[in-house]
Amino acid sequence: MRISQLFYQTLKEVPREAQVPSHQLMFRAGMIQQLAAGIYNYLPLAKKSLSKIETIIREELEKKGCQEVLLPVVQPSELWEKSGRWGYYGPELLRFKDRKNGDFCLGPTHEEVITDMVAKQLKSYKQLPWNLFQIQSKFRDEVRPRFGLMRGREFIMKDAYSFDIDEESSKVAYWKMYDAYTAIFNRCGLKFRAVDAATGNIGGDMSHEFQVLAQSGEDLILSCDSCDYAANSEKAVTPRSSSELSTEGMEAMEEIHTPAAKTIEEIAALLKREEADFIKSIVYIIDEEPVLVLIRGDLDINESKLQTALSANGVFLADDAVVQDITGASTGFAGPVGLKKKVRIIADYSVTEKQNMVSGSNKTDYHTAGVNYGRDYSADILADLSFAQPGDSCPKCSGKLEDHRGIEVGQVFYLGTKYSKPMECNYLDKDGKSHPAVMGCYGIGVGRTMAAAIEQNHDEDGMIWPAAIAPYEAVILPLQMNKEEVIEAADDLYAALKAEGVDVILDDRDERAGFKFKDADLIGYPVQIAIGARSLEAGELEVKIRKTGEKKNMAVAEVKSFVEAYLKVEKGIDQ
RNA sequence: CGGGAUAUAGCCUAGUGGCUAAGGCGCCUGCUUUGGGAGCAGGAAAUCGCAGGUUCGAGUCCUGCUAUCCCGACCA
């Protein structure tokens, strides 16, 4: 490609809307345009990089025996009603009617469609296993799209679904995909961790996220400093259990007037006590039933663990009216003792570890001191409902947990029969008995992977692409476009590198040297080859490695083999 | 969905209620220049987000709407 023909435009200034480096840089480099909130045009440079990521994904999945399909973006409500998610998915599912007034949605994910498709084909255990994938645009009407391609509403995703006869073979498929993902992100040249993850609404009971490590990452990851344990902070555990409180030293309960002190912070300041002395009492609506959730005042309730502990479909904070109804007090004064209405109580272990705690009195403007677990109240369920913290003990060894920021670019789930059962995706076993297929699902955000690569690899001048997914691997910069010999040398080198299969671009614009250098650094071609009149006279060119900033003069004849060798190493291809 | 902010040319910005809405980047023409986003001269490009209102007069004040961004909640 000659840059004079390339559909792009670089900018010096950043639009106000772009806040994170990947968004700013992709915008400045003419890779993306915003069409609406969370919806983008991908211009040629972006498309080149996306295609390279997709190719790596295809190759690695096909190695594992996966087969590519392409499923519709527009999906009929019937399938979603069958899986139970039509009523349940919420406004993130963009719904609309066709001309015949039929209900449809834009696919936010494809479990329903694929399970239905497979159900139509699946008859016998002899057909399995299957693992089908597609690379497709998805649409989720996110409440708050942000950070450019990192969290768009429309986004490109690779999703794969495995179908097996039983749990054991499904887990084999799961770990195969885990390995494929490891290979994919390694080939993309990214630093990442695979971490234990919560399964959220998709269900299932085993999941790993692939997190690209970057400062700007939205996710907090905790990993052990001495073994391979790593988990999303939602899921991370540290060894904990309930404890028996000694009755010695227990004080009598005492009601304290605490007007207008609603938050733990306010009440702790008012009573001059530690936040850890309080019982945080929050009313949740869990699968339409109100539940009182208790945790020590200095900790936060981990809703993901809460959902898991109750095997719930959904966990939402109760509104003020519900709190009033249950506690008889306005919000901020809830507690486990003296509830107006009996509700289920689920407590974190932390409230069983401490004597004489302070909780709301279920009476507006009053708190009660001297509250003790076991004596004054008890919970229907005790569980770990907290977030593990950096510095906590590792659950697998004697190490300590440390924190990292990560960008989730892929996730693998073991699903079981959550979709195959309702969608009647069944096969007959050897004895002619019918069973639902056992499924797994596996996603990779393709656009997000591209954005994450930039978040992880950039500097003040621009992007620093890993060679395997760079829009172009190398750029040739003829520095004086009025000198015949410079243009000729550039054309020759361009032809030579192309002939060797290097993905090279030629900056043949009639621009000054500085302009071309700035553009090249911004786009972040892994290799820049400058051809200047002076060095050319000496028979040399200058090769710059974007990643290190290192510049080398070398003979024209050497450049080709140097570039080839460098890219091979960078792309992790054995020579 | 709660809180906050913004909206002036493709992009970044300026613009006390008062004359023809200003500058930079980018774009076009010409000259000059050619190793880190050059210089000079000229030029095109704005229904000042939309709709009302106040006023002799609104980019500027008021009301409503819309869009976008940020924090939180949410997030297969």
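Throughout, protein chains are lettered first and strands after them, A, B, ... in sequence-line order, and every chain is numbered starting at 1.
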Pairing partner (Watson-Crick or G-U wobble, both distances under 3.5 angstrom) of G59(B): none

Polar pair under 3.5 Å, donor/acceptor by atom type, side chain Glu511(A), base G37(B): no

Interatomic distance where NZ belongs to Lys544(A) and P belongs to G35(B) [whole Å]: 16 Å

Expected output: side-chain Gln67(A) to main-chain Leu132(A) donor-acceptor under 3.5 Å: no

G37(B) OP1/OP2 closer than 4.0 Å to side-chain N/O of Arg512(A): no

Of residues 6-15 of chain A, the positions that come close to RNA chain B - non-hydrogen atoms, cut-off under 4.0 Å: Gln9(A), Thr10(A), Lys12(A), Glu13(A), Val14(A), Pro15(A)

Any strand: nucleotide that pairs with G42(B) via Watson-Crick or wobble, under 3.5 Å: C28(B)

Glu234(A) versus Asn302(A), side-chain donor and acceptor atoms under 3.5 Å: no

Separation of atom CG in Asp510(A) from atom P in G35(B), rounded to whole Å: 13 Å

Heavy-atom closest contact (Val475(A) atom, Ala520(A) atom, distance): CG1-CB, 4.1 Å

Candidate list Arg509(A), Lys12(A), Arg512(A), Arg28(A), test salt bridge (Lys or Arg N to Asp or Glu O under 4.0 Å), partner Asp519(A), passing option: Arg509(A)

Atom-to-atom span, CG of Leu522(A) to P of G26(B) - whole angstrom: 14 Å

Phe96(A) versus Cys105(A), closest heavy-atom pair with distance: CE2-C, 3.8 Å

Complementary nucleotide of G17(B), counting Watson-Crick and G-U pairs under 3.5 Å: none

Stacking of Phe515(A) on G37(B) base (centres under 5.5 Å, planes under 30°): no

Over all atoms of both residues, closest heavy-atom pair of Met150(A) and Arg448(A): O-NE, 2.8 Å

5′-ward residue of the pair Gln480(A)/Lys518(A) relative to RNA chain B: Gln480(A)

Expected list for residues 482-493 of chain A: side-chain donor-acceptor pairs under 3.5 angstrom, two or more places apart:
unit_1: Asp491(A); atom_1: OD1; unit_2: Arg2(A); atom_2: NH2; d: 3.4

Identified pairing partner of U47(B), criterion: Watson-Crick or G-U wobble below 3.5 Å: none

Euclidean distance, atom CD of residue Gln528(A) to atom P of G37(B) [Å, nearest integer]: 14 Å

Nucleotide opposite A5(B) in a Watson-Crick or G-U pair, distances under 3.5 Å: U68(B)

Annotated protein contacts, base or backbone, on nucleotides 69-74 of chain B with a non-hydrogen cut-off under 4.0 Å, one of B, S, - each: SBBBBB

Touch class at under 4.0 angstrom, heavy-atom based, for Asp159(A) against every strand present: nothing

